[in-house]
Novice: 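If you scroll down you'll find the structure; I have some questions about it.
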Amino acid sequence: MSANLHASLPASRDDGADSLSVAVDGGLIAGLREPQGGVRAFLGIPYAAPPLGPLRWRPPQPVAGWRGLRPARALAPQCLQPGRPIDSVYAEYAGVQPMSEDCLYLNVWSAAPDADARWPVMVWFHGGAFQQGAGSNPVFVRGDLPRHGVVLVTFNYRLGPFGFMAHPALSAESAQGASGNYGLLDMAAALGWVRRNIAAFGGDPDCVTIFGQSAGAAGIVDMMAAPRTRGLFARAIAQSFGITRMSTLAEAERSGAAFAERNGATGLAPLRELDGKVLLARYLEWPERWMPIVDGDFVERPVREIFADGRQDPVPFMTGWNADEGTTFAAAADAAEFRARLRARFGERAGEAEKLYPCDSDANARAASLELIGDELFASGVWRAARDQARIAPTYVYHFDHRQPFGPQQRFHEAEKAADLGVFHSAEYPYVFGSTAVLTRAWGGADRRMTELMQAWWLQFARQGNPNRPELPYWPQFVDDAATATVMRLAADPGPIDVPRRSHLAFADRAT
């Protein structure tokens with residue numbers, strides 16, 4: 001990391017073995033010291049009781065205490081989830097990890113000199129469409145971000161059928177009359193743990209930045225919309241996801257009830273007794289995927305309405321998207337298939353869609369279908385969240401446009417050639433976390449410079465709620481005005497631009 005970009009960050013020091021024992025909720029834990037940078041790591045810390053048996057599909061419960069010194073030196077298993085194809089670009093990101101329904105654990109990395117340091121805290125919300133992922137992925141935990149004056153926290157939350165099943169009987173047993181958002185409640189519980197415990201690691205509980213990508217960014221936006229999390233964080237960064245439609249509690253309950261009926265369950269007890277691997281296998285045969293909903297409790301109203309009314313948390317906000325968000329998803333096979341998709345999706349507006357996403361040839365249709373996925377699923381929701389937040393708080397928007405340097409022989413099942421992925425969904429990870437060494441790429445000077453810049457901007461935002469420092473390229477505060485360039489292009493030549501593909505995003509936003 002260039003000295004000029006981090007000159008104002010606190011220096012770390014090795015302060016002895018006793019700093020590896022810390023008191024947290026439940027008792028004492030013992031961490032370990034990483035070999036470089038004076039960073040102490042505390043891994044696999046429980047932030048809630050194991051959500052097993054009768055606690056399946058219940059809000060996270062308090063941690064049970066323990067006697068003596070509990071080791072915190074190994075990453076905990078990720079939530080049970082479907083595997084990734086070995087030839088996916090994301091397989092290297094995630095590595096091979098054990099899985100368990102007992103997954104409510106977090107990790108802390110700190111180089112703070114003592115418990116009074118009050119360093120800024122960054123809490124990472126992992127992505128994975130609420131079906132996959134973990135806070136223990138190598139691309140998150142093997143970087144150098146904690147060496148630059150921040151306490152880093154990553155955590156796991158419940159996914160898929162474990163985190164987002166709604167059912168009338170689950171709602172009936174809840175004092176709030178709600179069910180389905182257990183994964184979001186896990187996120188809030190992790191933030192509560194940070195609030196109560198992070199000072200012991202040298203972090204400042206009043207200077208917490210939540211940051212996340214894709215489903216993690218959706219979780220960030222949901223935390224901003226939820227009254228229950230007010231005061232648990234001071235700033236927010238949402239990468240590659242914003243505001244989209246959420247199902248209602250009634251819709252989700254119908255899906256959960258139908259799933260239970262198909263599996264012959266007349267009550268909750270048989271479902272709670274079902275082995276987790278069996279439950280996951282049956283869920284993967286189900287035609288729907290469960291995600292956060294408007295449950296009337298944690299998410300009181302549609303997030304889109306809350307943001308439109310300016311009732312979300314008025315914290316400083318940084319958000320943005322990548323240039324080629326759709327390239328790791330399934331493209332239309334040919335022009336005929338893409339036209340059919342447009343008719344099914346947009347109905348009488350299909351002609352308008354085809355003007356923006358031309359399908360006059362099979363090649364153009366395949367490319368346009370990927371552009372539509374990127375615009376509709378990711379970019380338009382980011383743009384909407386930014387516009388709404390900018391009315392009530394300082395907001396900074398980026399457009400990431402730096403390609404990872406794939407070797408000429410690298411291929412992934414998402415693309416015939418790795419280079420065809422462009423600046424794909426999640427491409428920014430190694431630059432933010434400083435974990436390029438985790439991935440097999442032909443990294444060079446441009447990538448080191450991009451890492452320096454992105455880490456400096458992210459860290460400065462975490463410290464001050466503003467990414468700007470004199471030695472960095474100036475990043476203007478976002479104003480949604482086509483005559484004013486206020487989106488920061490993160491590329492070899494960074495600088496302000498107008499909202500990319502504005503007309504496409506406007507169309508996708510109206511259709512959401």
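We use all heavy atoms of the structure for the numbers below, so side chains are in, but hydrogens, waters and symmetry mates are not.
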Novice: So, do V221 and F241 sit near enough that their side-chain heavy atoms are less than 4.5 Å apart?
Specialist: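 No, side chains not in contact.
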
Novice: With sequence neighbours excluded, give me every salt bridge (Lys or Arg N to Asp or Glu O under 4.0 Å) pair touching residues 132-143.
Specialist: none

Novice: Quick one: closest heavy-atom pair of V141 and G135, and the distance?
Specialist: CG1-O, 3.4 Å

Novice: Between the main-chain N or O of P59 and the side-chain N or O of Q61, is there a donor-acceptor pair closer than 3.5 Å?
Specialist: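 Yes, Q61 side chain to P59 backbone: donor-acceptor pair under 3.5 Å.
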
Novice: Please confirm whether the ring centroid of F329 lies under 6.0 Å from the ring centroid of F378.
Specialist: yes

Novice: Under a 3.5 Å distance rule, please check whether R40 uses its side chain to pair with a backbone N or O of L20 as donor and acceptor.
Specialist: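 Not confirmed, R40 side chain does not pair with L20 backbone.
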
Novice: Yes or no on side-chain contact (heavy atoms from CB on, under 4.5 Å) for K417 and F406, after CA distance, side-chain angles and deciding distance?
Specialist: CA-CA 9 Å; K417 297 178 183 177; F406 293 109; over 6 Å; no

Novice: Has the side chain of Q97 got a donor or acceptor atom that lies under 3.5 Å from a matching backbone atom of A94?
Specialist: yes

Novice: For D204, which residues count as a salt bridge (Lys or Arg N to Asp or Glu O under 4.0 Å) partner, sequence neighbours excluded?
Specialist: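 Residues passing salt bridge (Lys or Arg N to Asp or Glu O under 4.0 Å) with D204: R118.
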
Novice: Taking the side chain as C-beta and beyond, is there a heavy-atom pair between W193 and P60 under 4.5 Å?
Specialist: no

Novice: Which residues pass the side chain to side chain contact (heavy atoms under 4.5 Å, CB included) test with R262, sequence neighbours left out?
Specialist: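 Checked R262 against side chain to side chain contact (heavy atoms under 4.5 Å, CB included); matches are W286, P287.
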
Novice: Using only atom types and a distance under 3.5 Å, with no angle test, would you say the side chain of Q131 pairs donor to acceptor with the backbone of A129?
Specialist: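 Checking the backbone N and O of A129 against the side chain of Q131, a donor-acceptor pair under 3.5 Å is found.
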
Novice: Please report the interatomic distance CG(D324) to CD(E371), rounded to the nearest 0.5 Å.
Specialist: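 Output value for this atom pair is 8.5 Å.
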
Novice: So which pairs with a foot in residues 152-163 pass salt bridge (Lys or Arg N to Asp or Glu O under 4.0 Å), sequence neighbours left out?
Specialist: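 Sorted pair list: R158-D186.
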
Novice: Taking the six-membered ring for Trp, is the centroid-to-centroid distance between F259 and W290 below 6.0 Å?
Specialist: yes

Novice: How far apart are the closest heavy atoms of A199 and P205, and which atoms are they?
Specialist: CB-CD, 4.3 Å

Novice: What residues form a side chain to side chain contact (heavy atoms under 4.5 Å, CB included) with E251, not counting sequence neighbours?
Specialist: R245, S247, T248, R254

Novice: Can you tell if the side chain of M246 reaches within under 4.5 Å of the side chain of P302, non-hydrogen atoms only?
Specialist: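 Sidechains of P302 and M246: no contact.
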
Novice: Within the 4.5 Å heavy-atom criterion, are L459 and M454 side-chain neighbours or not?
Specialist: no

Novice: Atom CG of L32 and atom CG of L43: how far apart are they, to the nearest 0.5 Å?
Specialist: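 Answer for the CG-CG pair, L32 versus L43, is 5.5 Å.
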
Novice: Is any side-chain heavy atom of D222 less than 4.5 Å from a side-chain heavy atom of V303?
Specialist: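 Side-chain contact under 4.5 Å: yes.
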
Novice: Are Q455 and D144 packed together at the side-chain level, in the sense that at least one heavy-atom pair is separated by less than 4.5 angstrom?
Specialist: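 They are in side-chain contact.
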
Novice: Give a yes or no answer on whether the side chain of R58 reaches the backbone of P51 with a donor-acceptor pair at less than 3.5 Å.
Specialist: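 No, because the side chain of R58 does not come within donor-acceptor range (under 3.5 Å) of the backbone of P51.
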
Novice: So L55 and P50, do their side chains get closer than 4.5 Å, heavy atoms only?
Specialist: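 Side chain of P50 against side chain of L55, heavy atoms only: no contact under 4.5 Å found.
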
Novice: Give every residue pair that meets the salt bridge (Lys or Arg N to Asp or Glu O under 4.0 Å) criterion with at least one member in residues 274-292, sequence neighbours excluded.
Specialist: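 For residues 274-292, and leaving out neighbouring residues, there are no salt bridge (Lys or Arg N to Asp or Glu O under 4.0 Å) pairs at all.
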
Novice: Just how far is it from atom CG of L372 to atom OG of S380, taken to the nearest 0.5 Å?
Specialist: 9.5 Å

Novice: For the ring pair (Phe, Tyr, Trp, His ring centres under 6.0 Å) test, which of F298, W57, Y182, F130 pairs with F164?
Specialist: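 It is F130; the other options fail the test.
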
Novice: Judged by modelled atom types alone, do W458 and Q239 share a side-chain donor-acceptor pair under 3.5 Å?
Specialist: yes

Novice: Which pairs, with at least one residue in residues 70-97 and sequence neighbours excluded, count as a salt bridge (Lys or Arg N to Asp or Glu O under 4.0 Å)?
Specialist: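 Pairs touching residues 70-97 that pass the test: E92-R441.
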
Novice: Name all pairs fulfilling the ring-ring contact (aromatic ring centres under 6.0 Å, His included) condition that reach into residues 207-238, sequence neighbours left out, sorted by first residue then second.
Specialist: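 Residue pairs passing ring-ring contact (aromatic ring centres under 6.0 Å, His included), neighbours aside: W124-F211, F211-F433.
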
Novice: Given S426 and Q213, is the side-chain hydrogen bond (donor to acceptor under 3.5 Å, both in side chains) satisfied, shown in steps?
Specialist: CA-CA 7 Å; S426 310; Q213 186 268 354; 3.1 Å; yes

Novice: Which distance, rounded to the nearest 0.5 Å, do you find between the CD of E253 and the CG of L170?
Specialist: 8.5 Å

Novice: Does the separation of the ring centres of Y429 and F140 fall below 6.0 angstrom?
Specialist: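 Ring centres of F140 and Y429 closer than 6.0 Å.
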
Novice: Please state whether the rings of F201 and F42 are parallel, tilted or perpendicular, taking 30° and 60° as the class boundaries.
Specialist: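 Perpendicular: the ring planes of F201 and F42 meet at over 60°.
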
Novice: For R67, check salt bridge (Lys or Arg N to Asp or Glu O under 4.0 Å) against everything at least two apart and list the hits.
Specialist: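 With sequence neighbours excluded, R67 shows a salt bridge (Lys or Arg N to Asp or Glu O under 4.0 Å) to no residue whatsoever.
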
Novice: Step by step, work out the side-chain hydrogen bond (donor to acceptor under 3.5 Å, both in side chains) result for N156 and H126.
Specialist: CA-CA 8 Å; N156 297 338; H126 72 79; 4.8 Å; no

Novice: Strictly distance-based, threshold 3.5 Å: is any side-chain N or O of E325 a donor or acceptor partner for the main-chain N or O of N322?
Specialist: yes

Novice: Who are the side chain to side chain contact (heavy atoms under 4.5 Å, CB included) partners of S174, not counting sequence neighbours?
Specialist: Q176

Novice: So, using salt bridge (Lys or Arg N to Asp or Glu O under 4.0 Å) as the criterion, who are the partners of R411 when residues are at least two apart?
Specialist: none

Novice: For the residue pair W321 and H399, categorise the inter-ring angle as parallel (less than 30°), tilted (30 to 60°) or perpendicular (more than 60°).
Specialist: perpendicular

Novice: Ignoring hydrogens and geometry, is there a side-chain-to-backbone donor-acceptor pair from D313 to M224 under 3.5 Å?
Specialist: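 The answer is no, because no donor-acceptor pair under 3.5 Å joins these two groups.
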
Novice: Considering non-hydrogen atoms only, spot the tightest contact between I306 and A225 and give its length.
Specialist: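 It is CD1-O, 3.8 Å.
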
Novice: So does H167 get a backbone contact from the side chain of S179, meaning a donor-acceptor N/O pair under 3.5 Å?
Specialist: yes

Novice: In the structure I gave you, are the side-chain heavy atoms of D447 and Y431 within less than 4.5 Å of one another anywhere?
Specialist: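 Side-chain contact under 4.5 Å: yes.
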
Novice: Under a 3.5 Å distance rule, please check whether E101 uses its side chain to pair with a backbone N or O of L52 as donor and acceptor.
Specialist: no

Novice: Rounded to the nearest 0.5 Å, what separates atom CG in N107 from atom CD1 in I45?
Specialist: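 Rounded to the nearest 0.5 Å, the CG-CD1 separation comes to 7.0 Å.
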
Novice: As an exercise, state the distance from CG of L279 to CD of E273, rounded to the nearest 0.5 Å.
Specialist: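 With rounding to 0.5 Å, CG (L279) is 13.0 Å from CD (E273).
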
Novice: For W383, what residues pass the ring pair (Phe, Tyr, Trp, His ring centres under 6.0 Å) criterion, not counting sequence neighbours?
Specialist: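 For W383, no residue satisfies ring pair (Phe, Tyr, Trp, His ring centres under 6.0 Å) once neighbours in sequence are set aside.
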
Novice: So does D295 pair up with R301, basic N to acidic O under 4.0 Å?
Specialist: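 Between R301 and D295 there is no salt bridge, as every charged N stays at least 4.0 Å from the carboxylate O atoms.
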
Novice: Is the backbone N or O of L185 less than 3.5 Å from a side-chain atom of R228, with the two atoms forming a donor-acceptor pair by type?
Specialist: no

Novice: Parallel, tilted or perpendicular: which fits the ring planes of Y157 and F155, with parallel below 30° and perpendicular above 60°?
Specialist: tilted

